[in-house]
Asker: 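One structure is given below, represented as C-alpha coordinates, and several questions about it will come after.
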Amino acid sequence: MRERVDRLRKKMEQKGIEALLVTKPENRAYLSGFDGSAGVLVITPTAAWLVTDFRYVEQATQQAPHLEVVRQGPQLSASLKELVDKGRLKTLAFEKDHLTYSLFDNLKETLGIELLPQEGLVEGLRMVKDSGELEAIRKAAAMADRAFGRILSLLRPGISEREVALEFEYQMRKVGADGNAFDTIVASGPRSSLPHGHPTQRLLQEGDFVTLDFGAKVQGYCSDCTRTVAIGRVDAEMKAIYDLVLRAQREALAAVRPGKKGKEVDEIARNIIAAAGHGDHFGHGLGHGVGRAVHEGPRLSIAGEDGLEPGMVVTVEPGVYLPGRGGVRIEDLVVVTADGGEVLSGISKELMVL
Ligand code: GLY
Ligand code: MN
Ligand code: MN
(Lines give C-alpha, C1' and ligand atoms only; values in the text may rest on other atoms or scores of the structure.)
(Ligands and ions follow the chains in the order given, each with its own letter.)
Protein backbone atom coordinates (compact mmCIF):
# COMPACT_ATOMS: atom_id res chain seq x y z
CA MET A 1 0.00 0.00 0.00
CA ARG A 2 2.86 2.35 0.83
CA GLU A 3 4.27 1.63 -2.60
CA ARG A 4 0.96 2.66 -4.20
CA VAL A 5 1.08 5.99 -2.41
CA ASP A 6 4.67 6.46 -3.60
CA ARG A 7 3.67 5.76 -7.19
CA LEU A 8 0.89 8.30 -6.88
CA ARG A 9 3.33 10.86 -5.51
CA LYS A 10 5.56 10.32 -8.52
CA LYS A 11 2.65 10.98 -10.85
CA MET A 12 1.66 14.05 -8.85
CA GLU A 13 5.19 15.39 -9.11
CA GLN A 14 5.20 14.87 -12.89
CA LYS A 15 1.96 16.81 -13.17
CA GLY A 16 3.02 19.54 -10.76
CA ILE A 17 0.33 18.63 -8.22
CA GLU A 18 1.15 19.79 -4.72
CA ALA A 19 -1.57 17.87 -2.87
CA LEU A 20 -4.43 15.59 -3.85
CA LEU A 21 -7.75 15.11 -2.11
CA VAL A 22 -9.00 11.56 -2.78
CA THR A 23 -12.75 11.21 -2.27
CA LYS A 24 -13.69 8.32 -4.59
CA PRO A 25 -14.19 5.26 -2.37
CA GLU A 26 -12.44 2.78 -4.72
CA ASN A 27 -9.43 5.08 -5.00
CA ARG A 28 -9.30 5.63 -1.27
CA ALA A 29 -9.50 1.87 -0.61
CA TYR A 30 -6.84 1.17 -3.24
CA LEU A 31 -4.35 3.56 -1.67
CA SER A 32 -5.18 2.92 1.96
CA GLY A 33 -6.60 -0.59 2.37
CA PHE A 34 -9.32 1.06 4.47
CA ASP A 35 -12.73 -0.18 3.34
CA GLY A 36 -15.10 1.69 5.66
CA SER A 37 -17.98 3.64 4.17
CA ALA A 38 -16.68 7.14 4.95
CA GLY A 39 -13.30 8.79 4.66
CA VAL A 40 -11.05 10.83 2.39
CA LEU A 41 -7.31 11.01 1.81
CA VAL A 42 -5.03 13.99 1.48
CA ILE A 43 -1.72 13.07 -0.13
CA THR A 44 1.24 15.45 -0.32
CA PRO A 45 4.94 14.71 -1.02
CA THR A 46 5.57 14.30 2.71
CA ALA A 47 2.20 13.59 4.31
CA ALA A 48 -0.51 11.00 3.76
CA TRP A 49 -3.61 11.66 5.85
CA LEU A 50 -6.71 9.53 6.12
CA VAL A 51 -9.59 11.57 7.48
CA THR A 52 -12.53 9.59 8.82
CA ASP A 53 -15.14 9.92 11.52
CA PHE A 54 -15.34 8.40 14.98
CA ARG A 55 -17.04 5.19 13.76
CA TYR A 56 -14.02 4.20 11.71
CA VAL A 57 -10.95 5.54 13.50
CA GLU A 58 -9.95 2.21 15.04
CA GLN A 59 -10.60 0.23 11.85
CA ALA A 60 -8.73 2.78 9.73
CA THR A 61 -5.74 2.69 12.06
CA GLN A 62 -5.56 -1.09 11.71
CA GLN A 63 -6.15 -1.24 7.97
CA ALA A 64 -3.93 1.68 6.98
CA PRO A 65 -0.81 1.65 9.17
CA HIS A 66 1.11 3.53 6.46
CA LEU A 67 -1.21 6.54 6.73
CA GLU A 68 -1.80 9.07 9.47
CA VAL A 69 -5.39 8.67 10.60
CA VAL A 70 -7.12 11.95 11.46
CA ARG A 71 -10.44 11.95 13.27
CA GLN A 72 -12.91 14.12 11.44
CA GLY A 73 -14.77 16.83 13.37
CA PRO A 74 -18.42 17.71 12.73
CA GLN A 75 -17.50 19.33 9.40
CA LEU A 76 -15.22 17.60 6.91
CA SER A 77 -14.24 20.95 5.43
CA ALA A 78 -13.07 22.25 8.81
CA SER A 79 -10.96 19.14 9.37
CA LEU A 80 -9.44 19.55 5.93
CA LYS A 81 -8.71 23.20 6.69
CA GLU A 82 -6.58 22.11 9.64
CA LEU A 83 -4.56 19.83 7.34
CA VAL A 84 -4.20 22.52 4.69
CA ASP A 85 -2.79 24.83 7.36
CA LYS A 86 -0.55 22.14 8.81
CA GLY A 87 0.87 21.29 5.39
CA ARG A 88 1.03 24.96 4.37
CA LEU A 89 -0.71 24.01 1.16
CA LYS A 90 -1.37 26.64 -1.46
CA THR A 91 -3.42 24.44 -3.78
CA LEU A 92 -5.40 21.24 -3.53
CA ALA A 93 -6.25 19.00 -6.46
CA PHE A 94 -9.52 17.09 -6.32
CA GLU A 95 -11.23 14.29 -8.26
CA LYS A 96 -13.50 16.23 -10.57
CA ASP A 97 -15.63 13.24 -11.59
CA HIS A 98 -16.53 12.48 -8.00
CA LEU A 99 -16.60 15.52 -5.74
CA THR A 100 -20.11 16.86 -5.39
CA TYR A 101 -20.81 20.48 -6.23
CA SER A 102 -21.93 21.16 -2.68
CA LEU A 103 -18.71 19.83 -1.15
CA PHE A 104 -16.72 21.75 -3.73
CA ASP A 105 -18.55 24.93 -2.77
CA ASN A 106 -18.05 24.24 0.87
CA LEU A 107 -14.32 23.55 0.45
CA LYS A 108 -13.86 26.63 -1.68
CA GLU A 109 -15.28 28.78 1.04
CA THR A 110 -13.61 27.08 4.00
CA LEU A 111 -10.13 26.30 2.67
CA GLY A 112 -9.44 29.62 0.96
CA ILE A 113 -6.90 28.03 -1.42
CA GLU A 114 -7.02 27.18 -5.08
CA LEU A 115 -8.88 23.96 -5.89
CA LEU A 116 -7.64 22.21 -9.02
CA PRO A 117 -9.75 19.67 -10.93
CA GLN A 118 -7.97 16.41 -11.77
CA GLU A 119 -9.08 13.13 -13.25
CA GLY A 120 -7.73 9.65 -13.74
CA LEU A 121 -4.67 9.91 -11.50
CA VAL A 122 -5.42 7.00 -9.19
CA GLU A 123 -7.55 5.23 -11.82
CA GLY A 124 -4.44 5.11 -14.03
CA LEU A 125 -2.53 3.31 -11.30
CA ARG A 126 -5.40 0.91 -10.69
CA MET A 127 -5.51 -0.37 -14.27
CA VAL A 128 -2.57 -2.75 -13.82
CA LYS A 129 -3.22 -5.19 -11.00
CA ASP A 130 -0.59 -6.61 -8.65
CA SER A 131 -0.48 -10.24 -7.59
CA GLY A 132 -2.68 -9.73 -4.53
CA GLU A 133 -5.34 -8.00 -6.58
CA LEU A 134 -5.21 -10.72 -9.24
CA GLU A 135 -5.65 -13.35 -6.57
CA ALA A 136 -8.79 -11.67 -5.25
CA ILE A 137 -10.22 -11.35 -8.77
CA ARG A 138 -9.43 -15.00 -9.50
CA LYS A 139 -11.22 -16.01 -6.33
CA ALA A 140 -14.23 -13.88 -7.21
CA ALA A 141 -14.40 -15.41 -10.71
CA ALA A 142 -14.12 -18.94 -9.32
CA MET A 143 -16.86 -18.33 -6.78
CA ALA A 144 -19.19 -16.93 -9.42
CA ASP A 145 -18.49 -20.01 -11.57
CA ARG A 146 -19.37 -22.30 -8.68
CA ALA A 147 -22.59 -20.42 -7.99
CA PHE A 148 -23.52 -20.72 -11.67
CA GLY A 149 -23.01 -24.48 -11.47
CA ARG A 150 -25.31 -24.60 -8.47
CA ILE A 151 -28.23 -22.80 -10.08
CA LEU A 152 -28.21 -24.53 -13.47
CA SER A 153 -30.72 -27.16 -12.35
CA LEU A 154 -33.20 -24.37 -11.46
CA LEU A 155 -33.29 -23.01 -14.99
CA ARG A 156 -36.54 -24.67 -16.02
CA PRO A 157 -39.91 -23.41 -17.26
CA GLY A 158 -41.94 -21.89 -14.41
CA ILE A 159 -39.22 -20.22 -12.32
CA SER A 160 -39.19 -16.42 -12.33
CA GLU A 161 -36.21 -14.31 -13.34
CA ARG A 162 -36.25 -12.79 -9.88
CA GLU A 163 -36.04 -16.16 -8.16
CA VAL A 164 -33.12 -17.15 -10.36
CA ALA A 165 -31.29 -13.93 -9.47
CA LEU A 166 -32.00 -14.37 -5.77
CA GLU A 167 -30.80 -17.95 -5.75
CA PHE A 168 -27.70 -16.93 -7.66
CA GLU A 169 -26.83 -14.26 -5.14
CA TYR A 170 -27.50 -16.64 -2.25
CA GLN A 171 -25.21 -19.26 -3.76
CA MET A 172 -22.43 -16.74 -4.38
CA ARG A 173 -22.54 -15.81 -0.72
CA LYS A 174 -22.70 -19.46 0.24
CA VAL A 175 -19.53 -20.35 -1.63
CA GLY A 176 -17.69 -17.55 0.16
CA ALA A 177 -18.17 -14.29 -1.74
CA ASP A 178 -18.55 -11.10 0.31
CA GLY A 179 -21.43 -10.10 -1.96
CA ASN A 180 -22.41 -9.40 -5.55
CA ALA A 181 -20.22 -7.22 -7.69
CA PHE A 182 -23.43 -5.69 -9.16
CA ASP A 183 -27.12 -6.46 -9.40
CA THR A 184 -27.44 -9.81 -11.13
CA ILE A 185 -29.02 -9.62 -14.58
CA VAL A 186 -31.51 -12.29 -15.56
CA ALA A 187 -33.35 -11.50 -18.79
CA SER A 188 -35.44 -14.19 -20.43
CA GLY A 189 -37.29 -14.73 -23.70
CA PRO A 190 -38.01 -11.45 -25.52
CA ARG A 191 -36.52 -9.59 -22.52
CA SER A 192 -33.08 -11.03 -23.35
CA SER A 193 -32.84 -8.23 -25.92
CA LEU A 194 -32.42 -5.82 -22.99
CA PRO A 195 -28.64 -5.69 -22.50
CA HIS A 196 -29.05 -4.88 -18.80
CA GLY A 197 -32.44 -6.42 -18.10
CA HIS A 198 -33.34 -6.21 -14.45
CA PRO A 199 -34.91 -9.48 -13.24
CA THR A 200 -38.72 -9.42 -13.15
CA GLN A 201 -41.49 -11.79 -12.16
CA ARG A 202 -41.56 -13.18 -15.70
CA LEU A 203 -41.55 -16.97 -15.67
CA LEU A 204 -39.07 -18.83 -17.83
CA GLN A 205 -40.70 -20.67 -20.73
CA GLU A 206 -39.71 -23.42 -23.10
CA GLY A 207 -37.88 -21.89 -26.06
CA ASP A 208 -36.54 -18.89 -24.10
CA PHE A 209 -33.02 -17.61 -24.31
CA VAL A 210 -31.93 -16.44 -20.87
CA THR A 211 -29.09 -13.99 -20.34
CA LEU A 212 -27.41 -14.28 -16.95
CA ASP A 213 -24.83 -11.64 -16.08
CA PHE A 214 -23.30 -12.05 -12.67
CA GLY A 215 -20.26 -11.26 -10.57
CA ALA A 216 -18.94 -11.88 -7.10
CA LYS A 217 -17.10 -9.48 -4.83
CA VAL A 218 -14.15 -10.81 -2.82
CA GLN A 219 -11.80 -8.68 -0.71
CA GLY A 220 -13.09 -5.58 -2.47
CA TYR A 221 -12.56 -6.98 -5.98
CA CYS A 222 -15.18 -7.87 -8.60
CA SER A 223 -15.70 -10.53 -11.20
CA ASP A 224 -17.97 -10.21 -14.24
CA CYS A 225 -19.33 -12.99 -16.44
CA THR A 226 -22.27 -13.51 -18.80
CA ARG A 227 -23.73 -16.67 -20.24
CA THR A 228 -26.83 -17.03 -22.38
CA VAL A 229 -28.60 -20.39 -22.16
CA ALA A 230 -31.66 -21.84 -23.90
CA ILE A 231 -34.60 -23.43 -22.14
CA GLY A 232 -35.85 -26.71 -23.62
CA ARG A 233 -35.22 -26.03 -27.29
CA VAL A 234 -33.63 -23.47 -29.56
CA ASP A 235 -34.79 -22.19 -32.93
CA ALA A 236 -32.49 -21.81 -35.90
CA GLU A 237 -32.49 -17.99 -35.93
CA MET A 238 -31.41 -17.65 -32.30
CA LYS A 239 -28.88 -20.46 -32.69
CA ALA A 240 -27.32 -18.53 -35.56
CA ILE A 241 -27.15 -15.41 -33.39
CA TYR A 242 -25.52 -17.40 -30.62
CA ASP A 243 -22.92 -18.84 -32.99
CA LEU A 244 -22.19 -15.36 -34.36
CA VAL A 245 -21.67 -13.83 -30.91
CA LEU A 246 -19.51 -16.76 -29.84
CA ARG A 247 -17.32 -16.45 -32.93
CA ALA A 248 -16.90 -12.70 -32.35
CA GLN A 249 -16.12 -13.32 -28.69
CA ARG A 250 -13.51 -15.99 -29.43
CA GLU A 251 -11.80 -13.94 -32.14
CA ALA A 252 -11.62 -10.88 -29.92
CA LEU A 253 -10.33 -12.94 -26.98
CA ALA A 254 -7.58 -14.34 -29.18
CA ALA A 255 -6.48 -10.78 -29.95
CA VAL A 256 -5.98 -9.78 -26.31
CA ARG A 257 -2.29 -9.18 -25.74
CA PRO A 258 0.05 -6.43 -24.54
CA GLY A 259 0.33 -3.52 -26.94
CA LYS A 260 -3.10 -3.94 -28.51
CA LYS A 261 -5.32 -0.93 -28.01
CA GLY A 262 -8.76 -1.47 -26.52
CA LYS A 263 -10.33 -0.15 -29.72
CA GLU A 264 -8.42 -2.65 -31.86
CA VAL A 265 -9.81 -5.58 -29.88
CA ASP A 266 -13.28 -4.02 -30.01
CA GLU A 267 -13.01 -3.65 -33.77
CA ILE A 268 -12.39 -7.36 -34.30
CA ALA A 269 -15.68 -8.37 -32.69
CA ARG A 270 -17.54 -5.41 -34.16
CA ASN A 271 -16.46 -6.23 -37.73
CA ILE A 272 -17.56 -9.85 -37.43
CA ILE A 273 -20.97 -8.85 -36.10
CA ALA A 274 -21.39 -6.07 -38.67
CA ALA A 275 -20.44 -8.39 -41.55
CA ALA A 276 -23.32 -10.64 -40.50
CA GLY A 277 -25.70 -7.67 -40.74
CA HIS A 278 -26.07 -7.09 -37.02
CA GLY A 279 -23.87 -4.03 -36.52
CA ASP A 280 -26.83 -2.00 -35.25
CA HIS A 281 -27.71 -4.71 -32.77
CA PHE A 282 -24.35 -4.47 -30.96
CA GLY A 283 -24.57 -1.00 -29.48
CA HIS A 284 -22.26 -1.19 -26.47
CA GLY A 285 -18.52 -1.47 -26.08
CA LEU A 286 -16.80 -4.84 -26.27
CA GLY A 287 -15.52 -4.70 -22.71
CA HIS A 288 -14.03 -2.82 -19.81
CA GLY A 289 -11.48 -3.15 -17.05
CA VAL A 290 -12.56 -4.82 -13.81
CA GLY A 291 -11.10 -4.39 -10.35
CA ARG A 292 -12.42 -2.62 -7.29
CA ALA A 293 -15.08 -1.25 -9.60
CA VAL A 294 -16.91 -3.52 -11.98
CA HIS A 295 -16.45 -0.89 -14.67
CA GLU A 296 -13.04 0.77 -14.76
CA GLY A 297 -10.20 1.32 -17.21
CA PRO A 298 -9.12 0.34 -19.76
CA ARG A 299 -12.06 0.54 -22.13
CA LEU A 300 -12.42 -1.96 -24.95
CA SER A 301 -14.62 0.16 -27.20
CA ILE A 302 -14.33 2.43 -30.21
CA ALA A 303 -13.02 5.02 -27.73
CA GLY A 304 -10.43 2.65 -26.19
CA GLU A 305 -7.11 4.42 -26.75
CA ASP A 306 -5.23 2.74 -23.89
CA GLY A 307 -2.83 -0.02 -24.90
CA LEU A 308 -3.23 -3.29 -23.01
CA GLU A 309 -0.53 -4.17 -20.50
CA PRO A 310 0.28 -7.33 -18.54
CA GLY A 311 -1.71 -7.34 -15.31
CA MET A 312 -4.75 -5.57 -16.71
CA VAL A 313 -8.03 -7.39 -16.22
CA VAL A 314 -10.70 -6.82 -18.85
CA THR A 315 -13.97 -8.28 -20.06
CA VAL A 316 -14.70 -9.39 -23.59
CA GLU A 317 -18.47 -9.31 -23.99
CA PRO A 318 -19.99 -8.87 -27.43
CA GLY A 319 -23.76 -9.12 -27.71
CA VAL A 320 -26.47 -9.04 -30.34
CA TYR A 321 -29.88 -7.78 -29.25
CA LEU A 322 -32.99 -8.05 -31.43
CA PRO A 323 -35.71 -5.85 -29.93
CA GLY A 324 -38.87 -7.80 -29.11
CA ARG A 325 -37.23 -11.06 -30.13
CA GLY A 326 -34.30 -11.79 -27.83
CA GLY A 327 -30.59 -11.44 -27.47
CA VAL A 328 -27.29 -13.11 -26.73
CA ARG A 329 -24.27 -11.88 -24.81
CA ILE A 330 -21.22 -13.92 -23.89
CA GLU A 331 -18.76 -12.37 -21.46
CA ASP A 332 -15.45 -13.61 -20.11
CA LEU A 333 -13.00 -12.02 -17.71
CA VAL A 334 -9.42 -12.01 -18.98
CA VAL A 335 -6.06 -11.21 -17.42
CA VAL A 336 -3.59 -9.72 -19.89
CA THR A 337 -0.40 -11.80 -19.63
CA ALA A 338 3.11 -11.25 -21.03
CA ASP A 339 2.11 -12.68 -24.40
CA GLY A 340 -1.67 -12.95 -24.53
CA GLY A 341 -4.65 -13.32 -22.26
CA GLU A 342 -5.69 -15.82 -19.61
CA VAL A 343 -9.44 -16.35 -19.34
CA LEU A 344 -10.63 -16.53 -15.74
CA SER A 345 -14.20 -17.60 -16.40
CA GLY A 346 -14.30 -21.37 -16.34
CA ILE A 347 -17.85 -21.93 -17.61
CA SER A 348 -18.39 -23.58 -20.98
CA LYS A 349 -19.48 -21.36 -23.86
CA GLU A 350 -21.12 -24.10 -25.88
CA LEU A 351 -24.82 -23.29 -26.05
CA MET A 352 -26.48 -25.02 -23.11
CA VAL A 353 -30.02 -26.19 -23.86
CA LEU A 354 -31.44 -26.93 -20.43
N1 GLY B 1 -22.30 -6.65 -15.62
C2 GLY B 1 -22.20 -5.46 -16.33
C3 GLY B 1 -21.34 -5.61 -17.48
O4 GLY B 1 -21.13 -6.69 -17.98
O5 GLY B 1 -20.74 -4.68 -17.93
MN1 MN C 1 -21.32 -8.46 -16.94
MN1 MN D 1 -19.01 -6.48 -18.12
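We count ligands from 1, going down the list as the structure has it; atoms in each ligand are counted the same way. Quantities reported herein were computed from a predicted structural model and do not represent experimental measurements.
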Asker: Is the closest heavy-atom distance from Arg329 to ligand 1 below 4.0 Å?
Answerer: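 So Arg329 does not count as touching ligand 1.
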Asker: Evaluate the ring planes of Phe148 and Phe214, with Trp represented by its six-membered ring, and classify them as parallel (under 30°), tilted (30 to 60°) or perpendicular (over 60°).
Answerer: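 Aromatic pair Phe148/Phe214 classed parallel.
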Asker: Looking only at N, O or S atoms, find the one in Asp213 nearest to the Mn ion (ligand 2) and name it.
Answerer: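 The Asp213 atom nearest to the Mn ion (ligand 2), restricting to N, O or S, is OD1.
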Asker: For Glu331, take its heavy atoms, then give the atoms of ligand 1 lying under 4.0 Å from any of them.
Answerer: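 Numbered from 1, ligand 1 contributes 4 (O).
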Asker: Just jot down the ligand 1 atoms closer than 4.0 angstrom to any heavy atom of Glu317, in number order.
Answerer: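 Checking each atom against Glu317, I get 3 (C), 4 (O), 5 (O).
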Asker: Find all atoms of ligand 1 within a distance of less than 4.0 Å from any non-hydrogen atom belonging to Phe182, and give their numbers and elements.
Answerer: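 Atoms satisfying the 4.0 Å criterion: 1 (N).
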Asker: Tell me whether the Mn ion (ligand 3) has His288 as a neighbour, meaning an N, O or S atom of it below 2.8 Å.
Answerer: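 Given the 2.8 Å cut-off, His288 counts as a ligand of the Mn ion (ligand 3).
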Asker: For the residue pair Phe94 and Phe104, does the interplanar ring angle fall in the parallel (under 30°), tilted (30 to 60°) or perpendicular (over 60°) class?
Answerer: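 The rings of Phe94 and Phe104 sit tilted, inter-plane angle from 30° to 60°.
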Asker: Please determine whether a side-chain nitrogen of the Lys or Arg among Glu3 and Arg7 lies less than 4.0 Å from a carboxylate oxygen of the Asp or Glu.
Answerer: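 Yes, Glu3 and Arg7 are salt-bridged.
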Asker: May I ask you to identify, for Asp224, whether its side chain, its backbone, both or neither come under 4.0 Å of ligand 1 on a heavy-atom basis?
Answerer: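 Answer for Asp224: side chain.
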Asker: Can you measure from NZ (Lys86) to CH2 (Trp49) and round to the nearest 0.5 angstrom?
Answerer: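 One finds 6.0 Å between NZ of Lys86 and CH2 of Trp49.
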Asker: Nearest 0.5 Å, what's the CE-CE distance between Met143 and Met172?
Answerer: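 That separation rounds to 11.0 Å.
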Asker: Nearest 0.5 angstrom please: Thr23 OG1 to His98 NE2, how far?
Answerer: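 That separation rounds to 5.0 Å.
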Asker: With no hydrogens and no angle check, is any side-chain donor or acceptor of Asp208 less than 3.5 Å from a backbone partner on Gln205?
Answerer: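 Such a contact is found between Asp208 side chain and Gln205 backbone.
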Asker: Just to confirm my output: which protein heavy-atom neighbour is closest to atom 5 (O) of ligand 1, and how far is it?
Answerer: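 Among all protein heavy atoms, the one nearest atom 5 (O) of ligand 1 is His295 NE2, 2.6 Å.
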Asker: Of the backbone and side-chain N, O or S atoms of Asp224, does one lie nearer to the Mn ion (ligand 2) than 2.8 Å?
Answerer: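 Short answer: yes, at least one N, O or S atom is under the cut-off.
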Asker: Can a donor-acceptor pair be found between the side chains of Glu342 and Thr337 at a distance below 3.5 Å?
Answerer: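 Side chains of Glu342 and Thr337: no pair found under 3.5 Å.
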Asker: Check all N, O or S atoms of Glu317 and name the one closest to the Mn ion (ligand 3).
Answerer: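 So the atom name we want here is OE2.
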Asker: Would you mind running through ligand 1 and noting each atom that sits below 4.0 Å from a heavy atom of His196?
Answerer: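 So the answer, numbered in order with elements, is 2 (C), 3 (C).
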Asker: Do any of the N/O/S atoms of Glu331, backbone or side chain, fall under 2.8 Å from the Mn ion (ligand 3)?
Answerer: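 A backbone or side-chain N, O or S atom of Glu331 is under 2.8 Å from the Mn ion (ligand 3).
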